[in-house]
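After the structure tokens below, expect a handful of questions from me.
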Amino acid sequence: MRRHGGLRHRLRKATNAIMMALSGASALFGLFWLFWILKDLIHKGLPAFSVAFFTKLPTPPGMAGGGLVNGIVGTLLITAMATLIGVPVGILAGTYLAEYGRQSALAHAVRFVSDILTSAPSIVIGVFVYAILVQPMKGFSGLAGALALAIIMIPVVTRTTEEMLRLVPNALREAALALGAPYWKVILRVCYRRVLGGMTTGVLLAIARVAGETAPLLFTSLNNPYWNFNPLEPTGTLNVTIFNYAMSPYDDWRTKAWGAALLITLGVLATTIVARIAVSRTQRLGSQR
Amino acid sequence: MQQPAEGAAETAARQAPPQGPAAPGRPQGRPRRGNLPDVLFRATTLFFAGLVLLLILAIGTVLFAQAHLAFSHFGLKFLWTKQWDPVRDSFGALPSIFGTLVSSFLAILIAVPVSLGIAIFLTEMAPPWLQKPVGLAVEMLAAVPSIIYGMWGLFSFAPIVARHMEPWLKHHLGFLPLFQGPPMGIGMMTASIILAVMIIPFITSITRDVFALVPAMAKESAYGLGATTWEVVRNVVIPYTRTGIVGAIFLGLGRALGETMAVTFVIGNAHDISLSLLSPSNTISSTLANEFTEATSHLYVSSLIALGLILFLITTIILSVAKLLLWRIERQVVGSVR
């Protein structure tokens, strides 16, 4: 090879090396925070885990012992209720976008709005639900918390459903229609069945997204240190418990807050990883055919 | 919820049979007997799609109605009044608005170069076996719930800021008005850094996606002319995707403006306006998170909802701009391919 000795050439190579090093450094910078946070969570949260943590109710302030079983169950219940409200709405709205609306003005408007709602501040949605549900019913309730989370889920599920249905080849629909099946049956029996896996993972991602939400629960489901299975009563959740406990002066409560934080992060990250892997698999399948 | 759907379906059913539910690009002339369930199903999906559309209007309307008391009591002056005094029932939004805008601006300042760097690393530099795990790790950063960032920021990060970063900044740059006051670890600077870490994954994943839209031919031509990787990025990739990058930044900004739990833990919650990045401050969302359940008077609640309305309007505008920019680049790419 020819020797490149020119100053300009060396300058270009040096600039390139510097910029590439910087971009590599930013990748490391991003990873560094993730590992730092996870390390601290495990380090400080793991000691909180005990049988009592998962089985006992909280103790009064300052008293050692007890657990957060009410919060664990509360989080599961509220997330489940939110899923029951949000997922059908999201799936049907997404079906409209992919199967009927397509390029119509209405479909574009719905897409636009749901993309904005996806990123809208969750605390504002909490305020909204407070105004439409908590105030008229004169009380905080698990149902209100679930509705707030459902509103956050709806746009996410809508868009993933649409994206998944778009992966269904038109030939499949045409084949079913040619056999005389009505369109609604084609959607239910052919399209949905084809993307069932993808839609399930989309729902999982939406669940992971809302399971860690705290802001919209602060003034909807509030908190409750006791067992509660009545959706019309305030319900304790891990997230709001973290907020209250972490801000408290008691060491025991802070340790529990770390434990709760670790638990919720593990749950959310595990769900996200499973869903991500499944999503990329479905998309590969979809693009192959 | 069910009632209007069926009502709409019936009206649609009465009008529909002659021509059938024609969806654009769909084969026509399906058997008649499928028509009624078809129309019902279509109307149901249409109803829920419309519900999504109505949702954003409902949020705006309800917040506006509930904020009315505050605005009629304080007038538009509410927006630029500094005082926030629950004891005297006297409220002004300025400290919270100021804190929201400044913390988000600083977060963007930190997050944009880092996100672009990661996106360049992922698309132009990293070998394929490294792209997946690094990309997944960045997505994990987005999946960590915001309350975890807040709690971790308060107990793990803030003490380090107080012990190492802030004394250093005060020692070297203490003459600037930006670095006044005691190094407490909680305040505008810590909140902005945490916010930046939280929005990095959002900006990164969108920039990475728009970088991937650049035609390989354009990049290869530049490489063929002897350009270095950086020159390709600077002269081909970035000019080609400028609209998308700006869209990604606006999306990150929208996220940062509304972020609640992470900020509430570390910003210090003081209704003050200070030039110093070390002093405790407040944002709209942190004010709401801290004070909403404790608000006693109607005027207090209404003022808080008015803050929520302001936040909703700001973020909706910012996110709309982001969306429009991202749509433009998608169309631009589709156009250039055809």
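Every chain is numbered from 1, with letters handed out A, B, ... down the list of sequences.
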Roughly how far apart are I125(A) CD1 and L55(B) CG, rounded to 0.5 Å?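 Taking CD1 in I125(A) and CG in L55(B), the distance rounds to 7.5 Å.
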Looking at A27(A), A261(A), G212(A), S119(A), which has the largest count of heavy-atom pairs under 4.5 Å with chain B?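 Top count of heavy-atom pairs under 4.5 Å with chain B: S119(A).
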Side chain / backbone / both / neither for R209(A) at chain B, heavy atoms under 4.5 Å: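 For R209(A), the side chain is the part near chain B, not the backbone.
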Find the one option among L28(A), T272(A), L34(A) whose heavy-atom pairs under 4.5 Å with chain B are most numerous.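 Greatest number of close heavy-atom pairs with chain B: L34(A).
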Part of V114(B) lying under 4.5 Å from any heavy atom of chain A: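 Both parts, heavy atoms under 4.5 Å.
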If I measure from the heavy atoms of chain A, does A126(B) come under 4.5 Å with its side chain, its backbone, both, or neither?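 Interface part for A126(B): neither.
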Checking L106(A) against chain B: side chain, backbone, both or neither under 4.5 Å from a heavy atom?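 For L106(A), side-chain heavy atoms alone lie under 4.5 Å from chain B.
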Just verifying a value: how many Å separate M151(B) CE and T214(A) OG1, rounded to the nearest 0.5 Å?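 It comes to 11.5 Å.
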Part of A211(A) within contact of chain B (heavy atom distance under 4.5 Å):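 Nothing of A211(A), per the 4.5 Å heavy-atom cut-off to chain B.
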For chain B, find which of T271(A), V113(A), T158(A), I123(A) contributes the most heavy-atom pairs closer than 4.5 angstrom.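 Maximum pair count with chain B is reached by I123(A).
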Pick one of side chain, backbone, both or neither for L41(A), based on which atoms fall under 4.5 Å of a heavy atom in chain B.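 It is the side chain, since no backbone atom gets that close.
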Contact leader toward chain A among I120(B), T293(B), V52(B), where contacts are heavy-atom pairs under 4.5 Å: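 Result: the option with the highest number of such pairs is V52(B).
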What pair of heavy atoms forms the shortest contact from L319(B) to A120(A), and how long is it?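 Answer, listing the atom of L319(B) first, then A120(A): CD1-N, 4.0 Å.
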Which pair of heavy atoms, one from A49(B) and one from Y96(A), lies closest together, and at what distance?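 Where A49(B) meets Y96(A) most closely, the heavy atoms are CB-CD2, 3.6 Å.
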Go through the atoms of I193(B) and report whether side chain, backbone, both or neither lie under 4.5 Å from a heavy atom of chain A.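 Only the side chain of I193(B) comes within 4.5 Å of chain A.
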Please rank A208(A), A260(A), A131(A) by heavy-atom pairs under 4.5 Å with chain B and give me the top one.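 Winner by heavy-atom pair count: A131(A).
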Picking from L257(B), T204(B), L307(B), L288(B), which has the most non-hydrogen pairs under 4.5 angstrom with chain A?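 Option with the top pair count is L288(B).
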Heavy-atom cut-off 4.5 Å, strictly under: side chain, backbone, both or neither for L188(A) against chain B?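 Contact with chain B: side chain only.
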Portion of V268(A) that has a non-hydrogen atom of chain B nearer than 4.5 angstrom: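 Contact with chain B involves the side chain of V268(A) alone.
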I'd like to know which of K13(A), Q135(A), R111(A) tops the heavy-atom pair count under 4.5 Å against chain B.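 Between K13(A), Q135(A), R111(A), the count favours Q135(A).
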Checking I59(B) against chain A: side chain, backbone, both or neither under 4.5 Å from a heavy atom?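 Both parts, heavy atoms under 4.5 Å.
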Please check if the number of heavy atoms outside F64(B) that lie under 6.0 Å from its CZ is greater than 12.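 Not buried by this count: 12 neighbours or fewer within 6.0 Å.
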Between F47(B) and L92(A), is a side chain to side chain contact (heavy atoms under 4.5 Å, CB included) present by the stated rule, with each step listed? CA-CA 9 Å; F47(B) 170 76; L92(A) 287 167; over 6 Å; no
T264(B) versus chain A, heavy atoms under 4.5 Å apart: side chain, backbone, both or neither?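 Interface part for T264(B): both.
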Where does Y130(A) contact chain B at under 4.5 Å (heavy atoms): side chain, backbone, both or neither?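 Contact with chain B is through the side chain of Y130(A) alone.
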Counting only heavy atoms not in H108(A), do more than 12 fall under 6.0 Å of its NE2?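 Yes.
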For I91(A), is it the side chain, the backbone, both or neither that has a heavy atom under 4.5 Å from a heavy atom of chain B?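 Answer is neither: I91(A) stays 4.5 Å or more from chain B.
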Contact origin within V144(B) toward chain A - heavy atom pairs under 4.5 Å: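 Both backbone and side chain.
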Can you confirm whether T229(B) sits close enough to M20(A) that some side-chain heavy atom of one is under 4.5 Å from a side-chain heavy atom of the other?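 Yes - at least one pair of side-chain heavy atoms lies under 4.5 Å apart.
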Is there side-chain contact between S23(A) and M125(B), with heavy atoms separated by less than 4.5 Å?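 Sidechains of M125(B) and S23(A): in contact.
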Excluding sequence neighbours, so at least two apart, what forms side-chain contact (heavy atoms from CB on, under 4.5 Å) with S156(B)?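 Scan of S156(B) (side-chain contact (heavy atoms from CB on, under 4.5 Å), adjacent residues dropped) gives D40(A), K44(A), W258(A), W152(B).
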With the side chain counted from C-beta on, respond yes when Y149(B) and W33(A) share a heavy-atom pair under 4.5 Å apart, and no when they do not.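 In short, these two side chains do not touch, never coming nearer than 4.5 Å.
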For the student: nearest non-hydrogen atoms of G30(A) and L141(B), plus distance: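 Distance-wise, the nearest heavy atoms are O-CD2, 3.7 Å.
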Give, as side chain, backbone, both or neither, the part of T228(B) having an atom under 4.5 angstrom from any heavy atom of chain A.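 When you check distances to chain A, atoms from both the backbone and side chain of T228(B) fall under 4.5 Å.
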Do M261(B) and L218(A) have side chains that approach each other closer than 4.5 Å (heavy atoms only, starting at C-beta)?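 The answer is yes; the side chains approach within 4.5 Å.
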Hey, is the main chain of W230(B) close enough, under 3.5 Å, to the side chain of N16(A) for a donor-acceptor pair?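 Side chain of N16(A) to backbone of W230(B), a donor-acceptor pair under 3.5 Å: yes, one is there.
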Region of R12(A) in contact with chain B, defined by heavy-atom distances below 4.5 Å: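 Both the backbone and the side chain of R12(A) come within 4.5 Å of chain B.
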Quick check on L251(B) against chain A: is it the side chain, the backbone, both or neither that has a heavy atom closer than 4.5 Å?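 The side chain, not the backbone.
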Contacting region of I200(B) [heavy-atom separation from chain A under 4.5 Å]: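 For I200(B), side-chain heavy atoms alone lie under 4.5 Å from chain A.
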Count the heavy-atom pairs under 4.5 Å between each of L309(B), I147(B), L63(B) and chain A, then report the option with the highest count.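 Highest number of heavy-atom pairs under 4.5 Å: I147(B).
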CD of E291(B) to CZ of F219(A): how many Å apart, nearest 0.5 Å?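 Reported value, rounded in 0.5 Å steps: 11.5 Å.
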I37(A) and I148(B), any side-chain heavy atoms less than 4.5 Å apart: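 Yes, at least one pair of side-chain atoms sits under 4.5 Å.
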Would you indicate whether the side-chain heavy atoms of I56(B) and I116(A) approach each other to under 4.5 Å?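 When only atoms from C-beta onward are counted, I56(B) and I116(A) do touch, with a gap below 4.5 Å.
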Choice from P121(A), S114(A), A25(A), A109(A) maximising heavy atom contacts with chain B below 4.5 Å: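 Of the candidates given, the most pairs with chain B belong to P121(A).
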State, with a plain yes or no, whether a side-chain heavy atom of F41(B) is found less than 4.5 Å away from one of T95(A).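 Touching, per the 4.5 Å side-chain cut-off.
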Between CH2 on residue W184(A) and CG on residue N35(B), distance to nearest 0.5 Å: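 Answer rounded to 0.5 Å: 12.5 Å.
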Nearest-0.5 Å distance that lies between atom CD in E213(A) and atom OG1 in T260(B):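 That separation rounds to 8.0 Å.
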Listed partners of S205(B) passing side-chain contact (heavy atoms from CB on, under 4.5 Å), at least two apart: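 With neighbours one apart ignored, the set is R208(B).
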Which residue out of A58(B), A227(B), A142(B) racks up the most heavy-atom pairs below 4.5 Å with chain A?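 It is A58(B).
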Just checking F243(A) against F265(B), ring centres under 6.0 Å apart?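 Yes: the rings meet the under 6.0 Å criterion.
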What I'd like to find out is whether the side chain of I273(A) reaches to under 4.5 Å of the side chain of E139(B), using heavy atoms alone.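 Contact flag for I273(A)/E139(B) side chains = no.
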OG1-NZ distance between T118(A) and K323(B), expressed to the nearest 0.5 angstrom: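 One gets 8.5 Å once the value is rounded to the nearest 0.5 Å.
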Which one, V197(B), T315(B), V233(B), leads in non-hydrogen pairs under 4.5 Å with chain A?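 Of V197(B), T315(B), V233(B), V197(B) has the most heavy-atom pairs under 4.5 Å with chain A.
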